[in-house]
Amino acid sequence: MAEEGGRSGGGGGEDREDEDEDSEPVEAIINRIELKSRQVEWLLKSAQYAEALKTALDDSPTKTRDETCKSANWVVVHRVLMASKDTDALLSTLESEFYDILMKYIYRGLSTGDRPTCEQCLRLHEKLTEKAGMGCIVRALADKRHTV
Amino acid sequence: MAAVASHQLAACITCHVWNADLSMVAICPNNNEVHIYKATPARDSVWEKVYTLQQHDQLISGIDWGPISNKIVTASHDRNSYVWTFEGEAWNPTLVILRLNRAAISVKWSPKENKFAVGSGAKVVCICYYETENNWWVSKIIRKKHSSTVTNVSWHPNNVVLATTSTDCKCRVFSVYIKGVDSRGDANTSFGEMKFGEQLFEVCDVFGWTFGVKWSPTGSMLAYVGHNSTICFVRVLGRTATPQVVTLQGLPLRDVLFLSENRLVAGGFDCYPLLFLGDNKGTWKLARCLDEHKQVVRHVKSGSQVCSLTISCSSPYRK
């Protein structure tokens, strides 16, 4: 009981340290994203939009705090989101495990302020909410640790 | 399945609890009073207000009614608790100084009712027990670990282990064994040797504020909900915890209630209770909604009103 006082104040900072789950080097993550990017390009060329979206969302660097990784992956996801006007086709075969991560990227898109991106993201937001429900939005907004 | 009957007792109810035989319900109508109603399950019965407990200065945020001792404990934003004893014709209050510098948020009697726990906005949990020689309730404080408000507390059936949820997004389990209050035999648990205030384990698989923690009837499971619209089921074996997070389509939940080891009801901002079932492998799934969807949600004007929809935390348990 003696050390009680000291600990409570420093709670926030201490959290960060012991929960740095991702010790993976940045280069390794970037390499994987580059690989993914080539795959996505190829899928988009053959108009496999739904498949491209899954590939882009898969293994998103949410755990790292490195912004370059996050931006690199956003570029890939953004490329897919903007590739087709047909949002229904894009989302039609998306598995529910990707709903939460896609919602986070949609909010990232909305935060860019870029007009075509925002328009497309709003359309996707409506479609995704129909499929995934309000819970998905709540999770995207609440999760401060695994950001995209 | 729809509600059997509904009674409008107040515009907003911040907390409520049933007595042992379910003949009375105590509610706080969003102020500093507790109103006790005589309740009958009959559909067209009128619930009659029989007692009003007035002693707190501010909003009452937590209430619990001991089924063995028939004592009520209340916790309030005024940072104090009262233990209410029914003597003769009236409920007599005894002040419990919690030694908090922020609001008390929730309160629960321990299974043996020799202690109660209070979660608070001061990032601490108070464990209170009665000292016969001083004729006084003493508050012992766990100051470690929580880095934000403790939203809820739940007692393990062994009377010496407490689970907490907090707005720092974690669920924690502490030893609350108090020498001299608990018997030596009580110290012998599946969690091994432990001393007061020690954290046994924590679960951080939910990435939002956590609420409504409950132990299953045997204490082998733990369930709590996240404000990011998830519910977490934790299998507890000694000090190892195996969590399973279930994500929801709808709005976040606020409270849960185990009906048995593999049945759980949860309620929250969508204004209808959900039933979850655990299969024999211990995997939990949403089974169904226990009320008609109707337009309940439409009637809700603001978020604060929905909070009162936390489910009865005691009734089926104590039948």
Side-chain angles (χ1 to χ4, degrees), chain A residues 1-22 57 60-65 70 91 94-108 125-148, chain B residues 99 101-102 120 122-125 127 140-150 166-170 172 175 178-179 195-199 202-211 225-231 245-253 266 268-271 274 286 293 297 303:
Chain A
M1 292 281 277
E3 75 224 69
E4 277 179 351
R7 283 293 283 273
S8 58
E14 179 188 56
D15 264 9
R16 294 260 155 109
E17 281 160 45
D18 60 32
E19 273 162 40
D20 201 351
E21 323 154 59
D22 208 68
L57 293 176
S60 294
T62 53
K63 286 181 181 168
T64 176
R65 269 187 220 101
K70 290 186 193 290
L91 300 183
L94 193 72
E95 284 97 355
S96 54
E97 60 191 277
F98 292 110
Y99 289 169
D100 288 0
I101 183 80
L102 176 59
M103 191 57 95
K104 287 181 187 174
Y105 277 112
I106 289 175
Y107 276 102
R108 174 155 189 168
H125 188 275
E126 188 192 352
K127 290 277 181 303
L128 183 59
T129 309
E130 268 170 35
K131 285 165 83 89
M134 298 283 260
C136 181
I137 299 177
V138 175
R139 275 188 293 283
L141 298 180
D143 195 347
K144 287 196 244 171
R145 195 174 299 161
H146 302 136
T147 54
V148 295
Chain B
R99 298 190 290 131
N101 57 7
R102 293 286 189 283
S120 90
K123 310 176 190 174
V124 300
V125 185
I127 310 297
K140 218 168 142 109
I141 301 183
I142 303 177
R143 290 189 196 278
K144 277 186 213 171
K145 296 292 180 186
H146 293 102
S147 53
S148 194
T149 297
V150 180
S166 162
T167 47
D168 62 11
C169 309
K170 290 182 183 175
R172 298 181 172 84
S175 155
I178 300 175
K179 241 189 232 167
K195 57 175 196 282
F196 179 84
E198 183 189 353
Q199 180 176 290
E202 65 179 23
V203 189
C204 18
D205 288 63
V206 163
F207 308 109
W209 294 351
T210 57
F211 292 99
V225 299
H227 214 44
N228 62 344
S229 211
T230 55
I231 178 166
V245 177
V246 177
T247 55
L248 303 167
Q249 278 245 324
L251 294 175
L253 298 169
F269 291 94
D270 268 335
C271 304
L274 301 175
L286 174 62
H293 274 257
V297 183

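Here the structure is a predicted model, which is why all the values come from computation and not from measurement. These values consider heavy atoms only, across backbone and side chains, with no hydrogens, waters or symmetry-generated copies.
When each of Ala142(A), Ala132(A), Ser96(A), Cys136(A) is scored by its heavy-atom pairs under 4.5 Å with chain B, the top score falls to Ala132(A). Note on Gly250(B), Gly226(B), Ser148(B): by heavy-atom pairs under 4.5 Å with chain A, the leading option is Gly250(B).
The structure places CG of Asn228(B) at 12.0 Å from NZ of Lys144(A), a figure rounded to the nearest 0.5 Å. For the atom pair SG of Cys169(B) and CG of Asp143(A), the computed distance is 9.0 Å after rounding to the nearest 0.5 Å. With values rounded to the nearest 0.5 angstrom, Thr62(A) atom OG1 is found 8.5 Å from Phe207(B) atom CZ.
Closest heavy-atom contact between Val138(A) and Ser229(B): CG1-N, 4.1 Å. Shortest non-hydrogen contact noted between Gln249(B) and Lys131(A) is NE2-O, 3.0 Å.
Between the side chain of Arg139(A) and the backbone N or O of Gly208(B), no donor-acceptor pair lies under 3.5 Å.
No more than 12 heavy-atom neighbours from other residues, nucleotides or ligands sit within 6.0 angstrom of CZ on Arg102(B).
Taking Tyr99(A) as the reference, nothing meets the ring-ring contact (aromatic ring centres under 6.0 Å, His included) condition, with sequence neighbours excluded.
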